[in-house]
Undergrad: 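Got a structure for you, written out below as structure tokens; questions coming shortly.
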Amino acid sequence: MGTTSIKPKHLEKIYVPTDANGLEGEIICTCGCRAFKIRYFGEFYEELKLSVQECGDKFGHAVKAVCADCGTEHLLYDFALHGFDGRIGNQGIVVSDEMLADFRTSTDDLFEIKMVLEYDDEQTFFEDFVTPEGIQKDYHFTMLDRADIWSWVVIELKGVRSGHIYQNFVNEELA
């Protein structure tokens, strides 16, 4: 089943891989802008490190980027859509726009964005998602769905004004 570069479907037009396998990339709006306002849902477990937030008996966690030039909103990540626990494990809630807050620091309100995505290898994905009858009954996965079911996500921000790098703004295992 060979190795190929992966690009998430919902990020197809804005995720620009910076490595050969597509696991690391930067976000560039379709208008060419690299600066974004960040909207998020989750709770901070350390200063400026965002994690899942409990919502009743489920969990929510999401990050959206809003282009500084054209205002287009881009969903980068939602726990309920992009990982096993939130999506297949039914532990996540899809975060609505009303639940999102604006991320700002004392020096920055616009950010450049880098993402690192980790996936199950093709054989593991095939065995865990495509062939099991229980999962197929509810989800009907194909190998093309592998690009949207991550085992790990890291989002790093760089302040446009300060140049400060906010490492691990999101660093979440999703398996």
Side-chain angles (χ1 to χ4, degrees), residues 1-42 48-52 60-87 92 94-95 97 100-105 107-122 124-126 129 141-175:
M1 286 191 187
T3 301
T4 57
S5 181
I6 294 179
K7 189 183 267 192
K9 290 178 221 159
H10 76 287
L11 299 175
E12 184 71 37
K13 295 178 181 178
I14 62 167
Y15 181 82
V16 179
T18 56
D19 74 323
N21 295 321
L23 302 178
E24 297 179 20
E26 54 190 6
I27 303 300
I28 302 172
C29 187
T30 53
C31 75
C33 183
R34 294 173 179 260
F36 297 90
K37 294 177 185 175
I38 300 297
R39 307 217 52 225
Y40 73 93
F41 181 83
L48 306 179
K49 302 210 186 300
L50 186 67
S51 189
V52 296
H61 194 207
V63 178
K64 256 189 184 180
V66 182
C67 179
D69 283 351
C70 72
T72 302
E73 293 186 6
H74 305 280
L75 176 66
L76 301 180
Y77 154 71
D78 189 312
F79 176 75
L81 302 174
H82 303 118
F84 183 87
D85 291 341
R87 184 173 180 178
V94 175
V95 175
D97 283 342
L100 297 172
D102 293 331
F103 177 71
R104 292 184 180 102
T105 68
T107 55
D108 294 295
D109 60 355
L110 293 176
F111 303 88
E112 293 179 5
I113 305 165
K114 290 186 179 181
M115 293 181 71
V116 179
L117 305 172
E118 191 173 295
Y119 302 89
D120 288 333
D121 64 61
E122 290 179 351
T124 300
F125 185 85
F126 183 77
F129 293 90
F141 288 125
T142 69
M143 288 304 289
L144 296 175
D145 293 307
R146 180 172 169 247
D148 295 313
I149 301 176
W150 312 330
S151 56
W152 208 294
V153 60
V154 175
I155 298 175
E156 178 181 283
L157 305 176
K158 179 180 178 184
V160 170
R161 185 176 301 128
S162 71
H164 181 78
I165 295 175
Y166 302 90
Q167 291 184 335
N168 298 322
F169 177 70
V170 170
N171 187 342
E172 198 68 43
E173 182 177 10
L174 302 172

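Fair warning: this is a prediction, and the values are worked out from it, not measured in the lab.
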Undergrad: Check whether any side-chain heavy atom of Asn171 lies under 4.5 Å from a side-chain heavy atom of Trp152, and answer yes or no.
TA: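 Touching, per the 4.5 Å side-chain cut-off.
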Undergrad: Can you tell me how the ring of Tyr40 sits relative to the ring of Phe103, calling it parallel under 30°, perpendicular over 60° and tilted otherwise?
TA: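 Judged by the thresholds at 30° and 60°, the geometry between Tyr40 and Phe103 is perpendicular.
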Undergrad: In sequence, state the C-alpha distance, the side-chain angles, and the governing distance for Val170 and Val154, and then conclude on side chain to side chain contact (heavy atoms under 4.5 Å, CB included).
TA: CA-CA 5 Å; Val170 170; Val154 175; over 6 Å; no
Undergrad: May I have all residue pairs that pass salt bridge (Lys or Arg N to Asp or Glu O under 4.0 Å) and include part of residues 154-163, sequence neighbours excluded?
TA: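 Listed once each, the pairs are Asp109-Arg161.
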Undergrad: So does Gly22 get a backbone contact from the side chain of Lys7, meaning a donor-acceptor N/O pair under 3.5 Å?
TA: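 Checking the backbone N and O of Gly22 against the side chain of Lys7, no donor-acceptor pair under 3.5 Å is found.
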Undergrad: Look at atom NZ of Lys114 and say whether more than 12 heavy atoms of other residues, nucleotides or ligands are closer to it than 6.0 Å.
TA: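 Not buried by this count: 12 neighbours or fewer within 6.0 Å.
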Undergrad: Enter the distance from Thr124:OG1 to Arg146:CZ here, rounded to the nearest 0.5 Å.
TA: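 Going from OG1 on Thr124 over to CZ on Arg146, the span is 9.0 Å.
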Undergrad: Between atom CG of Leu157 and atom CD1 of Ile165, what is the distance when rounded to the nearest 0.5 Å?
TA: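 One gets 10.5 Å once the value is rounded to the nearest 0.5 Å.
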Undergrad: Which distance, rounded to the nearest 0.5 Å, do you find between the CG of Leu144 and the OG1 of Thr142?
TA: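 Here the rounded value is 4.0 Å.
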Undergrad: Minimum heavy-atom separation for His82 and Leu76, please, with both atom names.
TA: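 Answer, listing the atom of His82 first, then Leu76: CE1-O, 4.4 Å.
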Undergrad: Please name all residues satisfying salt bridge (charged side-chain N to carboxylate O under 4.0 Å, His left out) with Asp102, sequence neighbours left out, ordered by chain then number.
TA: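 Scan of Asp102 (salt bridge (charged side-chain N to carboxylate O under 4.0 Å, His left out), adjacent residues dropped) gives Arg39, Arg104.
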Undergrad: My understanding is that only one of Ile155, Leu50, Asp85, Val153 makes a side-chain contact (heavy atoms from CB on, under 4.5 Å) with Glu172; could you say which?
TA: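 For Glu172, the side-chain contact (heavy atoms from CB on, under 4.5 Å) check succeeds only for Val153.
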Undergrad: So, for Asp148 and Arg87, which heavy atoms are closest and what is the spacing to 0.1 Å?
TA: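 Heavy atoms only, the tightest pair is O-NH1, 4.2 Å.
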Undergrad: Please work out whether the ring planes of Tyr166 and His164 are parallel, tilted or perpendicular, with thresholds of 30° and 60°.
TA: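 Ring orientation of Tyr166 relative to His164: perpendicular.
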Undergrad: Do you know which two heavy atoms are closest between Leu75 and His10, and how far apart they sit?
TA: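 Result for this residue pair: O-CD2, 3.0 Å.
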Undergrad: Closer than 4.0 angstrom, basic N to acidic O: yes or no for Lys64 and Asp78?
TA: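 Here Lys64 does not pair with Asp78 in a salt bridge, since their nearest N and O are not under 4.0 Å apart.
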Undergrad: For residues Ile149 and Phe84, report the shortest heavy-atom separation together with the two atoms involved.
TA: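 Nearest heavy atoms, Ile149 then Phe84: CG2-N, 4.3 Å.
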Undergrad: Can you tell if the side chain of Ile27 reaches within under 4.5 Å of the side chain of Tyr15, non-hydrogen atoms only?
TA: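 Ile27 vs Tyr15: side chains touch.
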Undergrad: Rounded to the nearest 0.5 Å, what's the gap from OG on Ser51 to CG on Asn168? Could you check?
TA: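 So the OG of Ser51 and the CG of Asn168 are separated by 11.5 Å.
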Undergrad: Measure the spacing between CZ of Phe41 and CZ of Phe79 and express it to the nearest 0.5 Å.
TA: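 Here the rounded value is 11.5 Å.
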Undergrad: Using a 4.5 Å cut-off on heavy atoms from C-beta on, say whether the side chain of Glu26 contacts that of Glu112.
TA: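 They are not in contact (no side-chain heavy atoms under 4.5 Å apart), so the answer is no.
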Undergrad: Write down the atom of Val95, the atom of Gly60, and the distance for their closest heavy-atom approach.
TA: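 Heavy-atom minimum between the residues: CG2-CA, 4.2 Å.
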Undergrad: Testing the basics here: between His61 and Tyr77, what is the closest heavy-atom pair and its distance to 0.1 Å?
TA: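 Heavy atoms only, the tightest pair is ND1-OH, 2.9 Å.
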Undergrad: Do the side chain of Thr72 and the main chain of Cys67 share a donor and acceptor less than 3.5 angstrom apart?
TA: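 Such a contact is absent between Thr72 side chain and Cys67 backbone.
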Undergrad: Rounded to the nearest 0.5 Å, what separates atom CG in Leu81 from atom CG in Leu174?
TA: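 Those atoms lie 11.0 Å apart.
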Undergrad: Within a strict 4.5 Å, meaning less than it, do heavy atoms of the Thr30 and Ile14 side chains meet?
TA: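 A side-chain contact under 4.5 Å exists here.
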Undergrad: Answer yes or no: is there a side-chain heavy-atom contact under 4.5 Å between Leu11 and Met115?
TA: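 When only atoms from C-beta onward are counted, Met115 and Leu11 do touch, with a gap below 4.5 Å.
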Undergrad: Side chains of Leu23 and Tyr119: does their closest heavy-atom pair fall under 4.5 Å?
TA: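 A side-chain contact exists here, since the closest heavy-atom pair is under 4.5 Å.
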Undergrad: State which residues pass side-chain hydrogen bond (donor to acceptor under 3.5 Å, both in side chains) with Ser162; sequence neighbours excluded, sorted by chain then number.
TA: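 So Ser162 forms a side-chain hydrogen bond (donor to acceptor under 3.5 Å, both in side chains) with Asp108.
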